[in-house]
Trainee: 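Can you keep this structure in mind? I'll have questions shortly.
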Number of protein chains: 2
Amino acid sequence: MKLKEFAREIGLSPTTVSRALSGYPEVSAATRQRVSAEAVRLGYRPNINAVRLATGRAGAIGLVMNQAGEFQLTEFLRGMTEQLVRDEMDILVTPVVEDGTEAEVNAYRRVAEAGKVDAMIILAPQPNDPRIPLLQGLGMPFLVHGRSEGSAPHAWLDIDNEGAIFRATSHLIDLGHTRIGMINGRKGMTFSLHRDIGYRRALEERGLTFDPRFVAHGNFTDEVGFTFARDMLEQGLRPTAFVAGSMMTALGIYRAARALDLVVGRDMSVIAHDDVFPYLTADNMVPSLSTTRSSMRAAGGRIATLLLQIIAGRPAEEIHELWPVELILRESTQPVPGG
Amino acid sequence: MKLKEFAREIGLSPTTVSRALSGYPEVSAATRQRVSAEAVRLGYRPNINAVRLATGRAGAIGLVMNQAGEFQLTEFLRGMTEQLVRDEMDILVTPVVEDGTEAEVNAYRRVAEAGKVDAMIILAPQPNDPRIPLLQGLGMPFLVHGRSEGSAPHAWLDIDNEGAIFRATSHLIDLGHTRIGMINGRKGMTFSLHRDIGYRRALEERGLTFDPRFVAHGNFTDEVGFTFARDMLEQGLRPTAFVAGSMMTALGIYRAARALDLVVGRDMSVIAHDDVFPYLTADNMVPSLSTTRSSMRAAGGRIATLLLQIIAGRPAEEIHELWPVELILRESTQPVPGG
DNA sequence: TTGAAAGCGCTACCAG
DNA sequence: CTGGTAGCGCTTTCAA
């Protein structure tokens with residue numbers, strides 16, 4: 001059913017119907033009520049593409065999925081969609097086809113230039129991230145999940161990675177640990193940098209020396225956690241504790257411990273960052289895993305809301321949200337053995 | 001830049017430009033070449049919403065995300081987007097807001113009626129799945145990932161769950177196991193039913209009696225794996241082997257074994273279904289995990305391709321793909337202790 | 001408060 | 001092989 005048809009059916013003009021359905025103030029409440037009811041009864045729904053053409057709005061937010069296909073994405077998407085569904089906003093997922101920064105930038109460019117979206121979200125930013133000037137140049141609104149030092153002012157939402165890892169590391173030091181392994185995320189990413197800073201600051205404040213052999217970078221996979229943890233644990237003076245970048249990393253570290261007949265929570269401690277998943281919970285691990293915790297789903301939801309505000313005209317430069325991170329102590333962090 | 005403007009700029013009619021860019025045969029090769037080159041040079045791109053309105057195509061495939069937000073979704077999406085990006089097809093993700101079958105059906109209805117998509121994909125079907133008559137009634141093309149017994153003919157792509165679990169179970173029986181725990185997916189889902197059938201058929205063919213205490217159903221989470229495995233292992237005559245519905249389930253089972261001081265690969269065996277993830281690999285588990293393996297990413301890609309064909313006019317009823325599942329034996333399946 | 005009609009930018013029919 | 005032009009279904013002036 002089309003607008004014209006529907007309008008004729010209920011004895012009104014297309015204009016009035018359109019206004020009633022879009023909630024314009026100049027339509028009388030009675031008319032609005034009646035139109036809404038009739039629309040439901042007769043099953044009338046505006047054609048979304050016609051609306052979009054007429055209004056010039058795309059009605060969607062763009063999300064570019066990188067090659068890695070990281071496991072946190074489902075939770076993030078879930079949070080976004082929950083917010084966006086009310087506003088008839090879609091989320092449009094595009095892949096980066098080849099690997100590398102350039103391919104990624106091109107993917108953003110394609111989406112932005114095709115006019116398929118009203119705003120985009122930049123994931124996993126780096127300092128001076130090239131996607132920021134790109135979208136600013138194209139006049140495409142966006143929000144950065146994370147931060148990008150050295151870039152022009154822009155909207156961002158980030159969690160306090162530095163603070164979280166600072167507290168996690170300090171906690172381990174409080175327990176007497178002095179050799180603390182750090183298995184961080186991909187090198188170059190802002191969140192990895194911030195976590196490294198938090199880690200080093202904790203060491204420095206307590207007079208511990210930084211040992212580069214105890215720091216590693218890589219994807220958030222159990223393999224990375226396993227390999228680096230094992231390598232570090234096989235060194236002469238091995239770490240007695242680990243800070244892990246993700247739940248998957250922690251899984252790998254637990255595995256490395258078992259492979260070397262070490263017991264987590266007795267022979268060594270582990271604390272990891274947890275984005276909160278329905279299918280893998282820190283509480284259930286054995287021993288239960290101490291974590292720095294922050295919900296990906298919540299972040300996705302809030303980002304969607306902010307993006308809607310930016311589209312509606314809120315100045316993007318004023319949007320900076322830094323979310324605190326919970327520190328949840330469980331069984332996996334214990335005093336250093338014999339300490 | 002708009003079509004009219006661009007056409008004037010290069011001295012052609014909008015008609016010819018449109019045809020050249022869409023690859024219509026009646027345009028001379030020379031003209032086509034020139035138009036494409038000029039479009040790049042001048043940065044002309046058709047407005048996607050105008051194209052969609054004019055053609056009546058939505059240019060997107062709909063995917064409804066259920067409440068659970070299952071972890072396999074990222075891989076599936078990745079596979080889909082990789083295929084769709086070439087054809088300028090988007091994928092539109094919508095959430096189910098509340099829980100329950102009805103809410104889910106309503107989500108499908110909303111997407112289909114709004115005309116936002118050219119086709120939809122039905123995930124996690126059940127027998128007589130209500131989404132199938134719904135979409136058929138609305139004339140919305142779709143493809144089922146999985147199968148739905150009792151429904152009218154429709155397009156589907158499934159993996160051979162029954163065969164996979166039959167072989168997995170038979171393998172365990174070959175190793176001498178007679179008490180085999182089965183921690184399956186959510187009750188009522190077709191894939192769970194098929195796996196149950198494969199499991200029971202293997203037992204029957206080898207003259208083993210089916211014991212309902214050894215079978216459990218639940219979400220694909222480590223918690224479900226842990227809880228059910230522990231419960232079964234604490235029974236008097238406990239299972240000596242497990243068939244697990246997912247990698248997360250297997251994680252939970254491994255954990256349950258450790259909690260009870262049992263060693264997987266010695267005191268008990270485990271085999272799980274693996275959808276193949278970059279971040280958690282069966283090879284890396286300790287002991288390495290035997291699996292029935294089938295790539296979610298590949299399935300997503302193939303489904304996208306098939307959906308494109310259906311949209312292009314291929315009769316949906318003829319599309320039935322049953323994918324074989326690999327059986328990969330690793331260290332976690334061993335002869336029954338003392339067998 | 002309601003309505004008529006001119007677009008929104010493109011495609012595709014009908015001519016040439 | 002190329003071009004003129006009438007829609008696609010809605011929104012939004014402008015007028016009443």
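Labels below follow one simple rule: chain letters A, B, ... track the order of the sequence lines, proteins then strands, and each chain is numbered from 1.
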Trainee: Name the orientation class of the two ring planes belonging to A/F76 and A/H145 (parallel below 30°, tilted from 30 to 60°, perpendicular beyond 60°).
Mentor: parallel
Trainee: Would you kindly compare B/A54 and B/E26 by the position of their nearest DNA chain D nucleotide and give the one closer to the 5′ end?
Mentor: B/E26
Trainee: Could you tell me the separation between the CG atom of B/L53 and the P atom of C/dC10, rounded to a whole number of Å?
Mentor: 12 Å
Trainee: Which part of the nucleic acid does B/F6 contact within heavy-atom distance under 4.0 Å: base, sugar-phosphate only, or nothing?
Mentor: nothing
Trainee: Output the distance between atom CZ (A/F142) and atom CD1 (A/I121), rounded to the nearest 0.5 Å.
Mentor: 11.5 Å
Trainee: Which residue, B/H320, B/R147, B/R302, forms the side chain to side chain contact (heavy atoms under 4.5 Å, CB included) with B/L157?
Mentor: B/R302
Trainee: Counting N and O atoms only, with roles assigned by atom type, does the side chain of B/S22 sit under 3.5 Å from a partner on the main chain of B/R19, one being a donor and the other an acceptor?
Mentor: no
Trainee: Calculate the interatomic distance between B/N47 atom CG and C/dC8 atom P; express it in whole Å.
Mentor: 12 Å
Trainee: Nearest-Å distance, NZ (A/K4) to P (C/dG3)?
Mentor: 15 Å
Trainee: Considering the terminal five base pairs at each end of the helix from C/dT1-D/dA16 to C/dG16-D/dC1, what angle separates the two local helix axes, rounded to 10°?
Mentor: 30°
Trainee: Could one point to a donor on the side chain of A/R52 or the base of C/dG9 with an acceptor on the other under 3.5 Å away?
Mentor: no
Trainee: Please work out which of the three classes, parallel, tilted or perpendicular, describes the rings of B/F71 and A/Y279, given edges at 30° and 60°.
Mentor: tilted
Trainee: Roughly how far, to the nearest 0.5 Å, is CG of A/L307 from CZ of A/R314?
Mentor: 11.5 Å
Trainee: State whether the side chain of B/R52 and the backbone N or O of B/G59 hold a donor-acceptor pair below 3.5 Å, judged by distance alone.
Mentor: yes
Trainee: I need the CG-C1' distance between B/L21 and C/dG9, as an integer number of Å.
Mentor: 14 Å
Trainee: Rounded to whole angstrom units, what separation is found between the OH atom of B/Y44 and the C1' atom of C/dT11?
Mentor: 10 Å
Trainee: Under 4.0 Å from any heavy atom of chain A: name the first and the last nucleotide of DNA chain D that qualifies, 5' to 3'.
Mentor: D/dG9 to D/dT13
Trainee: Distance check needed: C/dT11 P versus B/N49 CG, whole Å only.
Mentor: 12 Å
Trainee: What is the nucleic acid contact for A/S28, judged by heavy atoms within less than 4.0 Å: base, sugar-phosphate only, or nothing?
Mentor: sugar-phosphate
Trainee: What is the distance from CG of A/L3 to C1' of C/dA4, rounded to the nearest Å?
Mentor: 13 Å
Trainee: Under the 3.5 angstrom rule, does the side chain of A/R32 hit a backbone N or O of A/Y24 as a donor-acceptor pair?
Mentor: yes
Trainee: Can a donor-acceptor pair under 3.5 Å be found between the side-chain atoms of B/T55 and the base atoms of C/dA12?
Mentor: no
Trainee: Considering all heavy atoms of both residues, which atom of B/M140 and which atom of B/V117 are nearest to each other, and what is their separation?
Mentor: CE-O, 3.3 Å
